[in-house]
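Report on one structure; see the data block that follows.
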Amino acid sequence: MNAVKPKNKTTRTGNHHKRSANKPLQRKRFAEKPSIAPNERIIVLLNKPFNVLSQFTDDESQKDKRHTLKDFVPIPNVYAAGRLDRDSEGLLLLTNDGKLQHKLANPKKKTTKTYWAQVEGCPDESSLEALRRGVELKDGMTLPAQVRVMNSPAVWPRNPPIRERANIPTTWLEIKITEGRNRQVRRMTAHIGFPTLRLIRYAIGAYTLDGIANGQYKEIKPHA
């Protein structure tokens with residue numbers, strides 16, 4: 001029996017060491033982001049065109065080659081902070097700063113994103129108020145949104161253009177949300193009976209599309 005006890009103790013100690021050794025590795029894996037000095041930090045604002053993937057590579061097996069960020073941003077070592085659907089347009093922020101990327105993409109940080117949505121029909125105030133309160137989608141209630149009717153923005157023509165029905169007018173809405181669910185704005189407007197025909201992201205926090213033509217980008221100095 002005396003010979004067994006040290007063996008068991010050794011086994012328990014060995015397992016304990018394994019667990020202790022694993023924990024720092026897990027923390028390191030999630031926290032390890034290269035420290036970017038202010039003079040090395042890159043922030044790129046891209047006005048993403050319609051039908052462009054918000055990634056730099058695509059599946060080579062695709063029959064029809066799709067456009068990716070590589071076709072528009074020749075700057076190495078930057079990655080998108082969050083995503084913008086292929087059929088949506090507008091602001092996409094790219095950076096080599098892992099902390100900024102996490103901050104903007106993490107829904108817990110509640111970064112406000114401003115969208116311009118062209119919807120089919122003319123929503124009344126009661127419909128818009130539903131979005132302001134939050135609506136029940138398949139993945140749960142949305143947080144309250146800021147919503148207002150806006151004038152048609154002076155934006156680039158979409159290629160191809162949206163499909164409009166002659167007897168049904170369209171309305172532009174400015175919608176501000178702090179979540180980032182999959183196709184959230186489109187699902188929200190569809191929920192109140194006004195499907196989105198065209199969706200443009202105008203702003204992410206303090207960063208906007210101002211002065212950036214569609215398909216173009218600008219590199220900026222980060223905010224202090």
Side-chain angles (χ1 to χ4, degrees), residues 30 46-59 61-64 66-69 79-94 101-150 153 155 158 160-165 167-205 207-209:
F30 290 108
L46 170 69
N47 186 341
K48 187 187 85 67
F50 177 79
N51 210 28
V52 173
L53 297 173
S54 59
Q55 58 198 48
F56 281 91
T57 58
D58 192 14
D59 185 354
S61 67
Q62 293 288 338
K63 293 181 180 179
D64 299 318
R66 300 179 293 183
H67 287 295
T68 68
L69 300 181
Y79 302 92
R83 298 184 62 81
L84 189 61
D85 293 328
R86 181 183 176 189
D87 56 353
S88 297
E89 309 159 72
L91 186 62
L92 188 64
L93 188 149
L94 302 94
Q101 188 179 24
H102 176 74
K103 177 183 177 182
L104 296 177
N106 187 349
K108 293 182 180 179
K109 299 296 182 180
K110 291 184 169 51
T111 301
T112 300
K113 301 173 185 68
T114 303
Y115 293 87
W116 293 342
Q118 185 179 14
V119 301
E120 188 175 70
C122 300
D124 56 20
E125 273 301 306
S126 63
S127 298
L128 300 182
E129 190 60 32
L131 299 181
R132 295 177 185 129
R133 291 193 306 266
V135 293
E136 182 77 35
L137 302 179
K138 288 184 178 180
D139 51 359
M141 285 289 294
T142 63
L143 293 176
Q146 299 178 51
V147 186
R148 70 177 183 89
V149 176
M150 62 181 291
V155 293
R158 204 191 78 168
I162 65 169
R163 295 180 180 179
E164 293 188 63
R165 291 190 279 181
N167 59 333
I168 300 180
T170 66
T171 303
W172 281 93
L173 302 176
E174 179 186 78
I175 302 175
K176 296 184 179 184
I177 61 175
T178 57
E179 299 176 281
R181 304 187 197 184
N182 184 45
R183 302 182 73 79
Q184 181 173 341
V185 171
R186 294 180 186 275
R187 291 192 291 144
M188 288 169 62
T189 66
H191 181 87
I192 62 170
F194 300 91
T196 293
L197 302 174
R198 186 178 184 187
L199 188 62
I200 298 171
R201 185 159 65 195
Y202 168 71
I204 302 172
Y207 302 102
T208 74
L209 280 180

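Everything quoted here is computed from the prediction, not taken from an experiment.
When side chains are defined from C-beta on, K110 counts as touching L143, because their heavy atoms get closer than 4.5 Å. Side-chain atoms of L128 and F194, non-hydrogen and from C-beta on, never get closer than 4.5 Å to each other. Side-chain contact between F56 and L94: present, with at least one pair of heavy atoms (C-beta onward) separated by less than 4.5 Å. Looking only at side-chain heavy atoms (C-beta outward), V185 and K113 stay at 4.5 Å or farther from each other. Put simply, the side chain of Y115 does not reach to within 4.5 Å of the side chain of E174, judged on heavy atoms.
Of the options V155, T170, V119, a side-chain contact (heavy atoms from CB on, under 4.5 Å) to R198 is made by V155 and by none of the others. The side-chain contact (heavy atoms from CB on, under 4.5 Å) test with L92 is passed by exactly one of L84, I204, N47: L84. The only option from E89, R86, R158 that meets the side-chain contact (heavy atoms from CB on, under 4.5 Å) definition with N51 turns out to be R86.
In terms of modelled atom types and a separation under 3.5 Å, the side chain of R201 and the main chain of L91 share a donor-acceptor contact. At least one donor-acceptor pair closer than 3.5 Å links the side chain of T171 to the backbone N or O of G121. The backbone N or O of N182 lies less than 3.5 Å from a partner atom in the side chain of R187, making a donor-acceptor pair. Between the side chain of K48 and the backbone N or O of L69 there is no donor-acceptor pair closer than 3.5 Å. For Q55 (side chain) and T68 (main-chain N/O), no donor-acceptor pair under 3.5 Å exists by modelled atom type.
Heavy atoms from other residues, nucleotides or ligands lying under 6.0 Å from NE2 of H67 number 12 at most.
Looking at every heavy atom in both residues, I175 comes nearest to A145 through CG2-CB, 4.4 Å.
Ionic pairing of R132 and E125 is present here: one or more N-O contacts between side-chain nitrogen and carboxylate oxygen are shorter than 4.0 angstrom.
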ask   = Between R183 and D87, is a side chain to side chain contact (heavy atoms under 4.5 Å, CB included) present by the stated rule, with each step listed?
value = CA-CA 10 Å; R183 302 182 73 79; D87 56 353; 2.8 Å; yes

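At a cut-off of 3.5 Å, with distance as the only test, no side-chain donor of T142 or R181 sits close to an acceptor on the other residue.
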